[in-house]
2 protein chains.
Amino acid sequence: MARRRPVSNLLALAVLTVVVQRPMHPYEMASVLRARGKDQDMPIKWGSLYTVVRNLEKHGLLEAVESGRQGARPERTVYRVTDVGRDEAADWTRELLATPGREPTSFEAGLSVMAGLAPGEVVPLLRRRLELLEEQIAADRRALDSERDGVPRLFLVESEYALAMREAQAAWVRSLLAELDAGTFPELAAWESFHRTGEIPPHVADLAERGRPAD
Amino acid sequence: MARRRPVSNLLALAVLTVVVQRPMHPYEMASVLRARGKDQDMPIKWGSLYTVVRNLEKHGLLEAVESGRQGARPERTVYRVTDVGRDEAADWTRELLATPGREPTSFEAGLSVMAGLAPGEVVPLLRRRLELLEEQIAADRRALDSERDGVPRLFLVESEYALAMREAQAAWVRSLLAELDAGTFPELAAWESFHRTGEIPPHVADLAERGRPAD
DNA sequence: CTTCGATTACTCGTAGGCGAGTATACGTCG
DNA sequence: CGACGTATACTCGCCTACGAGTAATCGAAG
């Protein structure tokens, strides 16, 4: 089992990969990441940045190289990546690419509690989601196309992937909506009453027992 | 703008939805969630559970109803959902269903730092991912089929969705692999050298400038 | 030349997340 | 019938995340 990463925040990986190119001070790391649009793919929070950098240093993945002050600015510390840090970044990347994780999204959470709403209410909500999804997809596609000249494909794969996933999600929502609209979704009546009474219909009581043997 | 939720952890929503059915003590909530397999869709951490319940109570979404002790067990507190709590749960569910969020996955993070590895190394990693994905898909499909009789479709949508997303991911990885294998992925040579030297080829230096106007 | 706003660069406080530990009851095997 | 493992039901405390605040610098306007 891969031991836990010394610094688990994904921001740490981002930091490592920029600092591999040249030594930097924290604020600069964030600027570069921001400029590259990496804030779309990863969480970049100001508060976390300094904590993460400090922890990376503590674990020997980064080292302070210079603590000079330019002009009279508040003392900036410039960090350089160590060999250990370089290895960690590569290994981490390998793991992220090779290991498909279970990472439930908030939509999944929403679906799993959907039964608490009336079916009649769910349909317009899903329709709204679909609308927004389609807007995002159009916007993403435009952005991607405009970047194709100038930026090599290699640096756009993550955007391509994100776009593909959104399209897949839209398709799935569309098909669920189709079933709900056509009335072919089973047990709509039971759902209705389940919601109105708030009570679980008897034959679902044993749902509580459904163990998931496959692990 | 929807104000921030009084308790932001998704576990709180799960708690609310089980406690709507009948009053419970914290440990029981967790057991029920676990038994329903909700731990697949949402994070259920023991440590968080009690914090979350306490916060829900503090904000008036739950209320303690009885603090009796059965036998000589350590005093258990049973909680009941309030009207406010019920509303919050419904509203939260609506938001989750209707609002497609930007939630970068770890694979996306991996892709966005993929360039740090040599192309020759990336291919087997992706192949490995595809393998594992296919196993998961097969297992999920089996589990889902075995539950279809007994559990109404309504309570399986989230699993269906998760499965669909995995399949979409697998398809995407497959197509990327095909390009890499066939050598049709552009600039493989540049990638190779980029990785060997660790240095950014000159024409990508302005990549740092690529601003994302669309917001 | 000084005032004002924006940008740069960071610090700090605190709330929340979560694992590891703890204590009690219950079953069961000798 | 007592000793020991296992399930139940939590508590504690560290550590991380992160927003809100702060302080210095720079540029431009008056």
Side-chain angles (χ1 to χ4, degrees), chain A residues 1 3-15 18-19 23-35 39 42-59 61-62 64 66-79 103-104 106 109 211, chain B residues 1 3-15 18-19 23-35 39 42-59 61-62 64 66-79 103-104 106 109 211:
Chain A
M1 281 295 106
R3 86 214 172 293
R4 288 177 66 66
R5 306 271 159 207
V7 183
S8 62
N9 194 330
L10 272 181
L11 179 54
L13 178 58
V15 160
V18 288
V19 107
M24 286 184 203
H25 56 101
Y27 189 88
E28 195 182 0
M29 303 171 196
S31 312
V32 171
L33 287 172
R34 177 85 44 110
D39 50 337
M42 289 169 169
I44 299 185
K45 309 295 173 69
W46 283 112
S48 311
L49 179 62
Y50 292 86
T51 316
V52 158
V53 168
R54 212 173 306 122
N55 286 346
L56 285 172
E57 185 184 17
K58 193 172 69 188
H59 291 282
L61 308 180
L62 289 185
E66 165 199 0
S67 202
R69 54 181 65 206
Q70 308 277 64
R73 301 247 177 117
E75 182 137 24
R76 303 177 314 181
T77 314
V78 174
Y79 293 90
E103 301 175 82
S106 65
Chain B
M1 281 295 104
R3 84 209 174 296
R4 286 175 67 63
R5 305 271 159 209
V7 184
S8 62
N9 195 331
L10 272 180
L11 178 54
L13 178 58
V15 161
V18 288
V19 107
M24 287 183 202
H25 57 100
Y27 189 89
E28 196 182 359
M29 304 173 196
S31 312
V32 172
L33 287 173
R34 176 86 44 109
D39 51 335
M42 288 169 168
I44 298 185
K45 308 296 172 71
W46 284 112
S48 311
L49 179 64
Y50 293 86
T51 316
V52 158
V53 168
R54 212 173 306 122
N55 286 347
L56 285 173
E57 187 185 17
K58 194 172 67 187
H59 292 282
L61 308 181
L62 289 186
E66 166 199 1
S67 202
R69 54 180 65 202
Q70 307 278 65
R73 301 247 177 116
E75 180 138 26
R76 303 179 311 181
T77 313
V78 174
Y79 293 91
E103 302 175 80
S106 66

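Order of the sequence lines sets the chain letters (A, B, ...), proteins ahead of strands, with each chain counted from 1. Hydrogens, waters and symmetry mates are skipped; everything else that's a heavy atom, side chains included, is used.
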Inset, instruction - Check the distance between D/dA9's P and B/Met29's CE and give it to me in whole angstrom. - result: 12 Å
Inset, instruction - Starting from P on C/dG16, measure out to CZ on B/Arg54 and report it in whole angstrom. - result: 11 Å
Legend entry - Euclidean distance, B/Arg5 CZ relative to B/Leu61 CG, rounded to 0.5 Å: 10.5 Å
Legend entry - Non-neighbouring partners of B/Leu33 that pass side chain to side chain contact (heavy atoms under 4.5 Å, CB included), sequence neighbours left out: B/Leu11, B/Ala14, B/Val18, B/Lys38, B/Ile44
Inset, instruction - Quickly work out the B/Met24 CE to D/dA9 C1' distance and round it to whole Å. - result: 15 Å
Inset, instruction - Summarise how protein sits on nucleotides 15-22 of chain D as a single string, 5' to 3': B when a protein heavy atom is under 4.0 Å from the base, S for sugar-phosphate-only contact, - for no contact. - result: -SSBB---
Legend entry - A/Arg34 CZ to C/dT8 P, straight-line distance once rounded to whole Å: 11 Å
Legend entry - Where B/Val19 and B/Tyr79 come nearest, the two heavy atoms and their spacing: CG2-O, 3.7 Å
Inset, instruction - Taking the side chain as every heavy atom from C-beta outward, state whether B/Val7 and B/Val15 have any atom pair closer than 4.5 Å. - result: no
Legend entry - Closest non-hydrogen atom pair between A/Tyr50 and A/Trp46, with its separation: CD1-O, 3.7 Å
Legend entry - Whole-Å gap separating C1' (C/dC18) and CD1 (B/Ile44): 14 Å
Legend entry - For atom NE2 of B/His25 and atom P of D/dA7, their distance in whole Å: 17 Å
Inset, instruction - Write down the atom of A/Leu49, the atom of A/Pro26, and the distance for their closest heavy-atom approach. - result: CD2-O, 3.5 Å
Legend entry - Value in whole Å for how far the P atom of C/dC10 lies from OH of A/Tyr27: 9 Å
Inset, instruction - Round to a whole Å and report the spacing from OH of A/Tyr79 to C1' of C/dA9. - result: 13 Å
